[in-house]
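Working notes for the structure below.
Residue indices begin at 1 and follow the sequence shown. Excluded from the calculations below are hydrogen atoms, water molecules and symmetry mates; all remaining heavy atoms, backbone and side chain alike, are included.
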Amino acid sequence: MAEFDNKNVVITGGGSGMGFAMARLLVDGGARVVITGRSQRTLDAAAQQLGENAVTVRGDVSVPVDLDALAERVAVEFGAVDALFVNAGIATLTPFGSTTEREYDELFDVNVKGAFFTVQKLAPLLHPGAGIVLTTSVANVMGMVDTSVYAASKAALRSMARSLARELLPRDIRVNAISPGPVDTGALDSAMTAEAAAEFKAQRVADNPMRRFGTPEEIARAAAFLAFDATYTTGAEFAVDGGVTQL
């Protein structure tokens, strides 16, 4: 019997990066997954790699009707859910002096509002004993240049993990957070110029006790632990960061 046989899982932001690594780990272990994302092309590519045990639902977590549609599709596909990975998010750099209201709102709409209502809409479908994992970031405890809005949104998620853990405890649902350090998912290369991305990566490696980036697979394995194996843990944040926030 495979590790995740007969498990039904939902992963927002599951078409690429850490979310895709979570989906790959779980599908390879026997689970059925629903993955979401804003790009149909990305979802189609992910589905081709993941095979028949993956269902894709295009949608934006910051749009309430998209979350309603997701919940309806999950109910049809699964009926009930064993784990929810609230992973969808954006990581726009916002220099303090030039951040616009639109940039601020987009970060909070996706990273905070989207996460909250994802849990609200899908919680009724979760089995007793199910696990929810929110993706935060080491930025929520570190003062990093050009990340004040992003960091604040991730700090809100950290607080939300505690509050929702208390809210859902009577239903025997655990809520925890995974806090990745620097992980090379390719997102930096699309968000910056090649020169800026190389400089940023070099600085992150130099500042990290392990002197390297993490891999999406390392984050996926830690997130799966929180969802399925950490049965006496709720409201916690698990740093998977090469020690950068601990040493």
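- Contact between Ser153 and Asn111 at its shortest, heavy atoms only, is OG-ND2, 3.1 Å.
- Between the side chains of Asp44 and Gln40, at least one donor N or O lies within less than 3.5 Å of an accepting N or O.
- Contact annotation: the side chain of Leu50 approaches that of Phe20 to within less than 4.5 Å [non-hydrogen atoms, C-beta and beyond].
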Requested in this report: Output, in order, the C-alpha distance, side-chain angles, deciding distance and verdict of side chain to side chain contact (heavy atoms under 4.5 Å, CB included) for Leu107 and Ile90.
Outcome: CA-CA 7 Å; Leu107 274 161; Ile90 55 176; 3.7 Å; yes
Requested in this report: Could you go through the side chain to side chain contact (heavy atoms under 4.5 Å, CB included) check for Leu122 and Val81 one step at a time?
Outcome: CA-CA 9 Å; Leu122 292 174; Val81 176; 5.9 Å; no
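- Here the CD atom belonging to Glu77 is positioned 11.0 Å from the CG atom belonging to Leu70, to the nearest 0.5 angstrom.
- Within 6.0 Å of CZ on Arg166 lie no more than 12 heavy atoms contributed by other residues, nucleotides or ligands.
- You'll find the side chain of Gln203 reaches within 4.5 Å of the side chain of Asp207, heavy atoms only.
- Looking at heavy atoms from C-beta onward, Ser179 lies out of side-chain contact with Val240 at the 4.5 angstrom threshold.
- Taking the side chain as every heavy atom from C-beta outward, Glu237 and Thr136 approach each other to under 4.5 Å.
- Just one residue in the list Ile132, Asn8, Val10, Asp82 forms a side chain to side chain contact (heavy atoms under 4.5 Å, CB included) with Leu126, and that residue is Ile132.
- Summarising the geometry, atom CG belonging to Asp241 is positioned 7.0 Å from atom CG belonging to Asn208; distances are rounded to the nearest 0.5 Å.
- Scored by the side chain to side chain contact (heavy atoms under 4.5 Å, CB included) test, Asp28 finds Arg24 as partners (sequence neighbours excluded).
- Contact between Thr56 and Arg73 at its shortest, heavy atoms only, is O-NH1, 3.8 Å.
- The local environment of CD in Gln120 is crowded, with over 12 non-hydrogen atoms from other residues, nucleotides or ligands closer than 6.0 Å.
- Cluster annotation: Val175 and Leu157 are assigned to the same hydrophobic cluster (Ile/Leu/Val/Met/Phe/Trp/Tyr, side-chain heavy-atom contacts under 4.5 Å, transitive).
- Of the inter-residue distances, the one linking Ser39 atom OG with Asp60 atom CG reads 12.0 Å to the nearest 0.5 angstrom.
- Taken from CG in Leu93 to CZ in Phe200, the straight-line distance is 6.5 Å, to the nearest 0.5 Å.
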Side-chain donor-acceptor contacts of residues 213-225 below 3.5 Å, not counting sequence neighbours, with atom names and distances?
{"from": "Thr215", "atom 1": "OG1", "to": "Glu218", "atom 2": "N", "distance (Å)": "3.1"}
{"from": "Thr215", "atom 1": "OG1", "to": "Glu218", "atom 2": "OE1", "distance (Å)": "3.4"}
{"from": "Glu218", "atom 1": "OE1", "to": "Arg212", "atom 2": "NH1", "distance (Å)": "3.2"}
{"from": "Glu218", "atom 1": "OE1", "to": "Thr215", "atom 2": "N", "distance (Å)": "2.9"}
{"from": "Glu218", "atom 1": "OE2", "to": "Arg212", "atom 2": "NH2", "distance (Å)": "2.8"}
{"from": "Arg221", "atom 1": "NH1", "to": "Glu3", "atom 2": "OE1", "distance (Å)": "3.4"}
{"from": "Arg221", "atom 1": "NH1", "to": "Glu3", "atom 2": "OE2", "distance (Å)": "3.1"}

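- Distance CZ/Arg41 to OG/Ser16: 13.5 Å, rounded to 0.5 Å.
- Val119 and Val57 fall within a single hydrophobic cluster, where Ile, Leu, Val, Met, Phe, Trp and Tyr are joined by side-chain heavy atoms under 4.5 Å apart, directly or via other members.
- There is no path of hydrophobic side-chain contacts, each under 4.5 Å, that joins Met18 to Leu134.
- Here the shortest heavy-atom pairing between Ala46 and Gly15 reads CB-O, 3.6 Å.
- Between the side chains of Thr92 and Glu103, no donor-acceptor pair is found at a separation under 3.5 Å.
- Counting heavy atoms from C-beta on, the side chains of Phe78 and Leu125 never come closer than 4.5 Å.
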Query raised in the report: Would Phe85 and Val9 count as a side chain to side chain contact (heavy atoms under 4.5 Å, CB included) if you check the C-alpha gap in whole Å, the side-chain angles of each, and the deciding distance to 0.1 Å?
Result: CA-CA 8 Å; Phe85 295 86; Val9 179; 3.5 Å; yes
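- Annotation for Arg171 and Ala123: closest pair NH1-O, 2.8 Å, computed over non-hydrogen atoms.
- Taking both residues in full, the closest heavy atoms of Ala88 and Gly13 are given as CB-N, 3.7 Å, listed atom of the first, atom of the second, then distance.
- Under a hydrophobic clustering in which Ile, Leu, Val, Met, Phe, Trp and Tyr are joined whenever their side-chain heavy atoms come within less than 4.5 Å, directly or via other members, Met160 and Leu226 fall into different clusters.
- Contact annotation: the side chain of Val61 approaches that of Val110 to within less than 4.5 Å [non-hydrogen atoms, C-beta and beyond].
- Within the model, atoms CE of Met142 and CG of Asn140 stand 10.5 Å from one another, a figure rounded to the nearest 0.5 Å.
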Query raised in the report: Given Leu26 and Lys7, is the side chain to side chain contact (heavy atoms under 4.5 Å, CB included) satisfied, shown in steps?
Result: CA-CA 9 Å; Leu26 294 165; Lys7 301 298 185 184; over 6 Å; no
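- Between the Arg38 side chain and the Gly59 main chain, no donor and acceptor come within less than 3.5 Å of each other.
- Taking hydrophobic clusters as Ile, Leu, Val, Met, Phe, Trp and Tyr residues chained together by side-chain heavy-atom distances below 4.5 Å, Ile35 shares a cluster with Met22.
- For Thr12 (side chain) and Asn87 (main-chain N/O), a donor-acceptor pair under 3.5 Å exists by modelled atom type.
- Closest approach of Ala227 to Ala83, counting heavy atoms only: CB-CB, 4.0 Å.
- When side chains are defined from C-beta on, Asp146 counts as touching Pro95, because their heavy atoms get closer than 4.5 Å.
- Residues forming a side chain to side chain contact (heavy atoms under 4.5 Å, CB included) with Glu167 (at least two apart in sequence, or on another chain): none.
- Listed for the Lys113 side chain is no donor-acceptor partner under 3.5 Å among the backbone atoms of Val63.
- Put simply, the side chain of Phe238 does not reach to within 4.5 Å of the side chain of Asn176, judged on heavy atoms.
- Around atom CE of Met144, more than 12 heavy atoms belonging to other residues, nucleotides or ligands sit under 6.0 Å away.
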